**Student:** 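Take a look at this one; I'll ask things after.
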Number of protein chains: 2
Amino acid sequence: MTETDIERDVDEAQTAALELAKLGDEERSAALYEIADAIEARTDEILVENETDVEEGERLLEDGEYTQALVDRLKLSESKIEDIAEMVRSVAEQDDPLGKTLSARELDEDLELYKVAVPIGVVGTVFESRPDALVQIAALGLKSGNAVILKGGSEALHSNRILFEIIEDAAADAGIPDGWAQHIEAREDVDALLEMDDAIDLLMPRGSSAFVSYIQDNTSIPVLGHTEGICHVYVDDEADLSMAEDIAFDAKVQYPAVCNAVETLLVHEDVADEFLPAIADRYETADVEIRGDERTRDIVDVEAATEADWDTEYGDLIVSIKVVDSLEAAIDHVTAHGSKHTESIVTEDADRASAFMRSLDSASVFHNASTRFADGYRFGLGAEVGISTGKIHARGPVGLEGLTTYKYHLEGDGHLVATYAGEDAAPFTHREFDGEWTPGRLSDE
Amino acid sequence: MTETDIERDVDEAQTAALELAKLGDEERSAALYEIADAIEARTDEILVENETDVEEGERLLEDGEYTQALVDRLKLSESKIEDIAEMVRSVAEQDDPLGKTLSARELDEDLELYKVAVPIGVVGTVFESRPDALVQIAALGLKSGNAVILKGGSEALHSNRILFEIIEDAAADAGIPDGWAQHIEAREDVDALLEMDDAIDLLMPRGSSAFVSYIQDNTSIPVLGHTEGICHVYVDDEADLSMAEDIAFDAKVQYPAVCNAVETLLVHEDVADEFLPAIADRYETADVEIRGDERTRDIVDVEAATEADWDTEYGDLIVSIKVVDSLEAAIDHVTAHGSKHTESIVTEDADRASAFMRSLDSASVFHNASTRFADGYRFGLGAEVGISTGKIHARGPVGLEGLTTYKYHLEGDGHLVATYAGEDAAPFTHREFDGEWTPGRLSDE
């Protein structure tokens, strides 16, 4: 694909986005049901293409280039394809994120301002190998009225191609404007996208920390994403220690490769003698490697943590542990070493929970719950396009609402600013009211 | 100021931001009232410093480097200082933008997710010569719990210094953490700020199109702002032509130097014969230069517009006029040439208004009102830190709400993700409810 092709694709997406923004929720959701049906109906085709990816993956696994985990994630089955179709239907069933009046304010008699939810426009996404990612992002994009540029991992190329074809066909049959979704395949095309700040409104990269940083540093397009997930669990001196043990275990072991897994446990000194031997035994059952600071090693026999450990996302069955003097010391540690992703405090003391949750500048702050809950599906967002550790626009798991923005609609009756300026300026009323913008509201009265 | 000084300033702001986020609205608002009182009490000092800026401005005006308009904007008076103090009080009186629970959702029994409004953190602002800009931005920043880095125009240096000193002193007296506001003076320091993506959460530049573009192209910090304000008024064939004339006049003449002034009128061919001579006469009374397309020039005797005119923000008493075949042609023109700032349709037909407002991808779309209403004060936002033509985070005039983001608070009772995964996965309830997050909610029950 030459750069000119890419430019044409993005241009098509831009045109389609304006058309898509005018469709109602019924049309967008109907298309999603058609997509879900088509995915199920064409299961065999998907499995054939997926097999090609898996075979190539297994070859690279033998060469030591891929991990078993990567190949496992790549592999689809009939039941996984059913799950994917169900996910598309669950996105369709979500409330319409568009058209809602977010606030309404009378500025003066017959001069009414409405803040109305609208799609962002063209969203560029780059994502990793799981083939369901393409379907998830396309479904969220369509439901929220956005055109999407989809670039998947090369490992899943054949699976992504057939899934994209199915989505494109079914959406076209359902009357969705051509060009609303674009599939790009070459890594080089990503660099071309980064330059298109006039046409692409938002980039959402998912992948390695280095890759996301590269995107952030090489574009003036707004980027939502996260480079690292250095999440903490703090075991307070007022913790229920059996609960703390379960949470620390779940947060590390349930799925260690993901960004919301815990990397560092912070343990209040008053409970360290009791808690550390218990969690060390528990982690041993799952072959978790523990790296502790000096005070931890005074209590349990574990590897020594270095300064670098506090800043490391292991993404693996490794955890670092630090004994702290106080809640404040735990907060300071997270502020210094965290990545603003997800932190959890285990305590029975409401005030201490509150202090922890209010003081930390992370997207998700939990009380007595595993960090692994930080996920769009678990949060009830339907699905997620990604997780953001930035603080602008959307934080944490990003679902439909994160794919919307707003527009101001002002309905007047010939109102002039001159009336409200100078010596005899008329005052504004600035009165909030409950009301939905409806087309040409005032003229209809 | 060396780069090391700047780094220390920003570091102080970052520390202060975490403290500021914990203060309640009462404390933040009380400080704003103290600031307002201090500004009034120290009016004489402000006038002395302002006189220095104005004298320098007048010298540069004689040299032809400054315009009279710039010197006028620079000049403070006792009554203008009273207005500034009143503006600070009006920001104090706004509803608290922080702490609000934006949504609450039960994920499962005793597992409750709250989306809570919080400050962004550290906001860097660069703004033009009007000395009230510094006070407005500092007031909005304090009310919304953000630390602010303030860089004003060199023309207003002495005025900005004394205003900053007054704000800093009064806020400190009111118990606001030191370092929450930082005043920087050198243009070179702006470049240092652009590198500090770990410490600054948002940049809001105001100034020339070239300057804002420069900022956007040279930082990976999110930027809110606008480079151009190419606003349109479309006079529909169903327009009340007398209303259209008033709106077109107000939108151009009331204050032509600002970004929300109209630059291009689009006139439906069916009303051109009647409307164009009338508006041409009206504009003549205010010495507005008209540049028209061929069809306009067939009707009125005006200068010829070139292609470049459709893409030009005059910021002056110049307007371009184009006759269009249809509403759709008007929409296409704005889509091709607009800057996504503000557009207005004048029509008595609700459906045509709706089509215009829904089809255009601009931050503000108006019906029967002057484009000049696109302003934070007129919109009832209290004041504005700037106007954004981007589509991420905040659009149009940016007030207190645009200076906030959110955080997810999850309250559990030892909940583990393992419970909701695998063969015997428990289901989520995902039930929305009305409720405010209060510290340690569940433990209090």
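The shown structure was predicted, so the numbers you read here are calculated from the model rather than taken from an experiment. So that the names make sense, note that chain A is the first sequence line, chain B the second, and so on, each numbered from 1.
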**Student:** Identify which of Arg372(A), Met243(A), Arg378(A) forms the greatest number of heavy-atom pairs closer than 4.5 Å to chain B.
**Tutor:** Arg378(A)

**Student:** Which bit of Tyr420(A) comes within less than 4.5 Å of chain B, counting heavy atoms only: side chain, backbone, both or neither?
**Tutor:** side chain

**Student:** Looking only at heavy atoms and a cut-off of under 4.5 Å, which of Gly390(A), Gly396(A), Ser359(A) has the most pairs with chain B?
**Tutor:**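 Going by pairs under 4.5 Å, I would pick Ser359(A).
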
**Student:** If you count heavy-atom pairs under 4.5 Å with chain A, which of Val223(B), Asp246(B), Asp375(B) comes out on top?
**Tutor:**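 Highest number of pairs under 4.5 Å: Asp246(B).
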
**Student:** Please state whether the side chain, the backbone, both or neither of Tyr255(B) comes within less than 4.5 Å of a heavy atom of chain A.
**Tutor:**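 Answer is neither: Tyr255(B) stays 4.5 Å or more from chain A.
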
**Student:** Do you know the tightest heavy-atom contact between Gly414(A) and Ile247(B)?
**Tutor:**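 Residues Gly414(A) and Ile247(B), closest heavy atoms: CA-CD1, 3.9 Å.
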
**Student:** Side chain, backbone, both or neither: which part of Leu18(A) has an atom under 4.5 Å from a heavy atom of chain B?
**Tutor:**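 Side chain of Leu18(A) only, per the 4.5 Å heavy-atom cut-off to chain B.
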
**Student:** Who among Asp250(A), Val417(A), Thr405(A), Thr429(A) has the most heavy-atom pairs with chain B under 4.5 Å?
**Tutor:** Val417(A)

**Student:** Grab the two heavy atoms, one from Tyr406(B) and one from Ala394(A), that are nearest each other, plus how far apart they are.
**Tutor:**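 Nearest pair, atom of Tyr406(B) first, then Ala394(A): OH-CA, 3.3 Å.
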
**Student:** Quick one: does Phe373(B)'s side chain get under 4.5 Å of Phe428(A)'s, heavy atoms only?
**Tutor:** yes

**Student:** Identify which part of Ala418(A) has an atom lying under 4.5 Å from any heavy atom of chain B, answering side chain, backbone, both or neither.
**Tutor:** both

**Student:** To the nearest 0.5 angstrom, please state how far the CZ atom of Arg358(A) sits from the NE2 atom of His409(B).
**Tutor:**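 Here the rounded value is 8.0 Å.
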
**Student:** With a 4.5 Å cut-off on heavy-atom pairs, point out which of Glu19(B), Glu432(B), Arg431(B), Arg105(B) contacts chain A the most.
**Tutor:** Arg105(B)

**Student:** Please report the interatomic distance CD1(Ile392(B)) to CG(Asp201(A)), rounded to the nearest 0.5 Å.
**Tutor:** 6.5 Å

**Student:** Go through the atoms of Leu107(A) and report whether side chain, backbone, both or neither lie under 4.5 Å from a heavy atom of chain B.
**Tutor:**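 Only the side chain of Leu107(A) comes within 4.5 Å of chain B.
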
**Student:** Would you say that Glu401(A) contacts Lys115(B) through its side chain, given a criterion of any heavy-atom pair below 4.5 Å between the two side chains?
**Tutor:** yes

**Student:** I'd like to know whether CG of Asp95(A) has more than 12 heavy-atom contacts from other residues, nucleotides or ligands below 6.0 angstrom.
**Tutor:** no

**Student:** Just verifying a value: how many Å separate His367(B) NE2 and Asp413(A) CG, rounded to the nearest 0.5 Å?
**Tutor:** 8.5 Å

**Student:** Taking every non-hydrogen pair under 4.5 Å, which of Val116(B), Leu381(B), Thr342(B) racks up the most with chain A?
**Tutor:** Leu381(B)

**Student:** Do the side chain of His430(B) and the main chain of Gly380(A) share a donor and acceptor less than 3.5 angstrom apart?
**Tutor:** yes

**Student:** With sequence neighbours left out, write down each residue that passes side chain to side chain donor-acceptor pair (under 3.5 Å) with Ser364(A), or none if nothing qualifies.
**Tutor:** none

**Student:** State, with a plain yes or no, whether a side-chain heavy atom of Gln14(B) is found less than 4.5 Å away from one of Thr335(A).
**Tutor:** no

**Student:** Heavy-atom distance under 4.5 Å to chain B: side chain of Phe249(A), backbone, both or neither?
**Tutor:** neither

**Student:** What's the shortest heavy-atom distance between Gly412(B) and Ala369(A), and which atoms?
**Tutor:** CA-CB, 4.4 Å

**Student:** Distance from Ile215(A) atom CD1 to Ser220(B) atom OG, nearest 0.5 Å?
**Tutor:**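 So the gap between those two atoms works out to 12.5 Å.
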
**Student:** Below 4.5 Å, heavy atoms only, C-beta onward: do Leu416(A) and Gln254(B) meet side chain to side chain?
**Tutor:** no

**Student:** Chain B heavy atoms under 4.5 Å from Pro397(A): which part of the residue, side chain, backbone, both or neither?
**Tutor:**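 Both backbone and side chain.
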
**Student:** Under a 4.5 Å cutoff for heavy-atom pairs, which residue among Pro222(A), Gly422(A), Ala363(A) has the most contacts with chain B?
**Tutor:** Ala363(A)

**Student:** Taking C-beta and beyond as the side chain, do Arg395(B) and Val118(A) meet within less than 4.5 Å on heavy atoms?
**Tutor:** yes

**Student:** Under the rule for side chain to side chain donor-acceptor pair (under 3.5 Å), what residues qualify as partners of Ser362(B), not counting sequence neighbours?
**Tutor:**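 Ser362(B): side chain to side chain donor-acceptor pair (under 3.5 Å) contacts with Glu343(B).
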
**Student:** Quick one: does Lys407(B)'s side chain have a donor or acceptor within less than 3.5 Å of a partner on Leu360(A)'s backbone?
**Tutor:**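 Answer holds: yes.
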
**Student:** What distance separates Asn368(B) CG from His415(A) NE2, expressed to the nearest 0.5 Å?
**Tutor:** 10.0 Å

